[in-house]
Amino acid sequence: PQGAAVLEIGCGTGELAAMLIGRGSVVDAFDASPAMVEFVRERIAEEELGASLTVRHMGVDGMDSLPSSHYDAAVSTLVFSELTADERGYALKHAARILKPGGHLVIADEVVPRKVSARILQWAVRAPMLAAAYLVSRASTRPIADLAGEVAEAGFHIDKEVRSHGDAFSLVKATLPAG
């Protein structure tokens, strides 16, 4: 709804934040990359989004500093696959804490396909890209075995999971129970 308070976990270039603001949301965003935070800050100034977007440099380990029961929704795109299992658990625990009861969590990320043939294809396609990405950034991603399961384990009700791109991508929409 208009005026919804949204937290974006890992804002990257700020594209999703700008889209949410365009729909009337007020967005708090963070990213672990100082370069991405600087890019978003420049974008905020250029697009005059300052009143509706706050961005800070931090990783998921800083989520403990965010206010409890404050946000209507939390969103994340292609961030959780960059985290370890412990970091994902920590982020999900704090996502549950910072959301208002009935708040929504939407995560879109890379996952392990369910069929062996799709896993083999995923590996064959990803291997050269991972090598190149690692050489450039010294970072890598790891497809998540059961994203919806991890979200549910953190106390969320799974409303919907949509798998695409050969079953290698998952969009999970979940709700924090009201009670």
Side-chain angles (χ1 to χ4, degrees), residues 1 4-12 15-17 19-20 25-33 36 55-123 125-126 129-130 133 139-179:
V6 180
L7 175 69
E8 184 174 12
I9 301 167
C11 60
E15 188 67 27
L16 180 57
M19 288 175 29
L20 290 165
S25 296
V26 176
V27 179
D28 287 343
F30 68 86
D31 201 284
S33 166
M36 287 293 103
V55 63
R56 66 184 89 182
H57 173 236
M58 71 178 206
V60 295
D61 58 342
M63 289 179 70
D64 60 351
S65 68
L66 299 172
S68 297
S69 301
H70 177 77
Y71 296 96
D72 298 296
V75 298
S76 181
T77 304
L78 296 171
V79 172
F80 277 67
S81 59
E82 295 179 358
L83 305 175
T84 66
D86 287 343
E87 290 169 327
R88 289 193 307 269
Y90 185 85
L92 289 168
K93 173 183 128 183
H94 283 286
R97 181 187 60 76
I98 59 102
L99 285 172
K100 296 174 183 175
H104 301 288
L105 176 67
V106 180
I107 301 175
D109 221 315
E110 195 176 4
V111 294
V112 176
R114 293 171 279 209
K115 292 182 180 179
V116 173
S117 59
R119 286 194 295 263
I120 292 168
L121 178 61
Q122 180 188 43
W123 180 86
V125 169
R126 287 185 85 245
M129 292 187 312
L130 285 175
S140 184
T141 64
R142 294 166 293 283
I144 303 164
D146 184 11
L147 179 58
E150 290 184 25
V151 171
E153 190 174 300
F156 289 89
H157 173 267
I158 305 299
D159 300 319
K160 180 194 295 191
E161 179 183 23
V162 178
R163 302 284 288 250
S164 63
H165 296 81
D167 201 42
F169 190 80
S170 176
L171 173 68
V172 175
K173 185 203 175 277
T175 303
L176 185 65

Once rounded to the nearest 0.5 Å, what's the spacing between atom CZ of R56 and atom OG of S65? 5.5 Å

Is L176 close to L105 at the side-chain level, that is, under 4.5 Å between some pair of heavy atoms? no

Short question: side chain of R88, backbone of L83 - any donor-acceptor pair under 3.5 Å? yes

Here the gap from L171 atom CG to I107 atom CD1, rounded to the nearest 0.5 Å, amounts to 9.5 Å

Residue pairs passing the side-chain hydrogen bond (donor to acceptor under 3.5 Å, both in side chains) test where at least one lies in residues 95-104, sequence neighbours excluded: S68-R97, D72-K100, H94-R97, H104-K173, H104-T175

Can you find a heavy atom in the side chain of V151 that is under 4.5 Å from one in the side chain of L92? yes

Measuring from M58:CE to D31:CG, what's the distance to the nearest 0.5 Å? 10.5 Å

Could you tell me the separation between the CZ atom of R142 and the CD atom of E110, rounded to the nearest 0.5 Å? 10.5 Å

Ignoring hydrogens and geometry, is there a side-chain-to-backbone donor-acceptor pair from H57 to F30 under 3.5 Å? no

In the structure I gave you, are the side-chain heavy atoms of V60 and E82 within less than 4.5 Å of one another anywhere? no

Pairwise distance CD(E161) to CG(D146) - rounded to 0.5 angstrom: 7.5 Å

For H70, I'd like to know if atom NE2 has over 12 heavy atoms of other residues, nucleotides or ligands within 6.0 Å. yes

Taking the side chain as everything from C-beta on, heavy atoms only, tell me whether L7 gets closer than 4.5 Å to M63. yes

Does any non-hydrogen side-chain atom of L99 lie less than 4.5 Å from one of F156? yes

Using a 3.5 Å distance criterion without hydrogens, assess whether the side chain of D109 forms a donor-acceptor pair with backbone atoms of F80. yes

Across all chains, not counting sequence neighbours, the ring-ring contact (aromatic ring centres under 6.0 Å, His included) partners of F169 are H165

